[in-house]
Structure formats: C-alpha cells, structure tokens
Amino acid sequence: INHFVRLQVQTIASASPGEARASGQLLRHLRFIVNVDPLVWKYQESSDTNRQHLIADIYRDITGEDIERRLIELND
C-alpha cells in the first residue's frame with residue numbers, strides 16, 4: 001500500500017489536473033488508513049502556484065483540512 005500511496009502522491013504532484021484529481025479520489029477512499037502528509041511536502045516543494053493550488057484543493061478533498069495549517073503543524 002505504501003508504494004500505491006507514493007505513486008498517487010507523485011501523480012498529484014506532476015500529472016495533468018485531471019489525472020491528479022483522479023489520484024486524489026483514490027487516496028480519499030483510503031484516507032483513514034494512509035498518511036497523506038507527503039502531499040504537504042510536495043506542496044511546499046512546488047514552485048508552480050497553479051500546482052500548489054491544485055495540491056491544496058486535493059488535500060482538502062481528502063482530509064477536509066487546510067494544507068497550510070498542516071504545513072505549519074509539521075514544521076513545528
């Protein structure tokens with residue numbers, strides 16, 4: 001399952017918006033058993049503001065939470 005999650009996170013970080021959202025939906029179904037914090041790190045690493053917005057939207061769809069708030073928590 002870890003490999004599957006890594007693959008979906010990479011897709012969200014680099015694929016077309018449609019493919020990224022499809023990967024987000026797959027992770028949403030597993031949200032209670034997988035760690036999606038790697039999405040937070042991909043968000044932080046991205047220099048593309050459009051990609052950051054997409055990752056943030058997908059993160060919110062999966063978790064119901066704000067990615068910026070989670071980033072602050074992880075950096076504390």
Side-chain angles (χ1 to χ4, degrees):
I1 196 152
N2 288 330
H3 175 71
F4 174 80
V5 171
R6 281 192 304 271
L7 181 62
Q8 301 315 310
V9 167
Q10 186 58 38
T11 299
I12 292 167
S14 61
S16 71
E19 290 173 313
R21 290 194 183 280
S23 288
Q25 285 302 311
L26 291 173
L27 291 178
R28 187 172 190 277
H29 294 294
L30 302 172
R31 69 186 173 276
F32 297 114
I33 62 169
V34 300
N35 177 5
V36 293
D37 285 345
L39 278 178
V40 179
W41 303 125
K42 292 291 185 184
Y43 171 85
Q44 183 180 34
E45 292 168 4
S46 180
S47 59
D48 178 348
T49 56
N50 289 329
R51 181 60 57 171
Q52 282 185 318
H53 289 300
L54 179 62
I55 294 170
D57 287 347
I58 292 170
Y59 184 85
R60 182 176 294 280
D61 289 345
I62 294 169
T63 66
E65 298 177 8
D66 179 68
I67 201 167
E68 284 284 337
R69 186 175 193 183
R70 183 63 179 149
L71 181 59
I72 291 168
E73 290 172 359
L74 291 173
N75 284 321
D76 275 348

**Contact summary for A20 and R51, nearest pair of heavy atoms** = CB-NH1, 4.0 Å

**Asked** Between V5 and Q8, is any pair of side-chain heavy atoms under 4.5 Å apart?
**Response** no

**Request:** Can you see which heavy atom on E19 is nearest to which on A15, and at what distance?
**Result:** OE1-CB, 3.4 Å

**Message:** So does S16 get a backbone contact from the side chain of R21, meaning a donor-acceptor N/O pair under 3.5 Å?
**Reply:** no

**Request:** Would you check, one step at a time, whether the test side chain to side chain contact (heavy atoms under 4.5 Å, CB included) holds for W41 with L74?
**Result:** CA-CA 9 Å; W41 303 125; L74 291 173; 3.6 Å; yes

**Request:** Would you give the length of the straight line joining atom CD1 of I55 to atom CD of Q44, rounded to the nearest 0.5 angstrom?
**Result:** 11.0 Å

**Asked** Could you state the interatomic distance from CZ (R70) to CD1 (I72), rounded to the nearest 0.5 Å?
**Response** 11.5 Å

**Prompt:** Are the side chain of T11 and the backbone N or O of L7 linked by a donor-acceptor pair below 3.5 Å?
**Reply:** yes

Throw together a table of side-chain donor-acceptor distances under 3.5 angstrom for residues 62-69, partners on residues two or more places apart or in other chains.
{"residue": "T63", "atom": "OG1", "partner": "Y59", "partner atom": "O", "Å": "2.8"}
{"residue": "T63", "atom": "OG1", "partner": "E65", "partner atom": "N", "Å": "3.0"}
{"residue": "D66", "atom": "OD1", "partner": "R60", "partner atom": "NH2", "Å": "3.3"}
{"residue": "D66", "atom": "OD2", "partner": "E68", "partner atom": "N", "Å": "3.2"}
{"residue": "D66", "atom": "OD2", "partner": "R69", "partner atom": "N", "Å": "2.9"}
{"residue": "E68", "atom": "OE2", "partner": "Y43", "partner atom": "OH", "Å": "2.3"}

List the atom pairs, donor and acceptor, that lie under 3.5 Å between side-chain atoms in residues 24-36 and the rest of the protein, sequence neighbours left out.
{"residue": "R28", "atom": "NE", "partner": "D61", "partner atom": "O", "Å": "2.9"}
{"residue": "R31", "atom": "NH1", "partner": "R28", "partner atom": "O", "Å": "2.7"}
{"residue": "N35", "atom": "OD1", "partner": "D37", "partner atom": "N", "Å": "2.8"}

**Message:** Would you compute the distance between atom CG of L54 and atom NZ of K42 and round it to the nearest 0.5 angstrom?
**Reply:** 14.0 Å

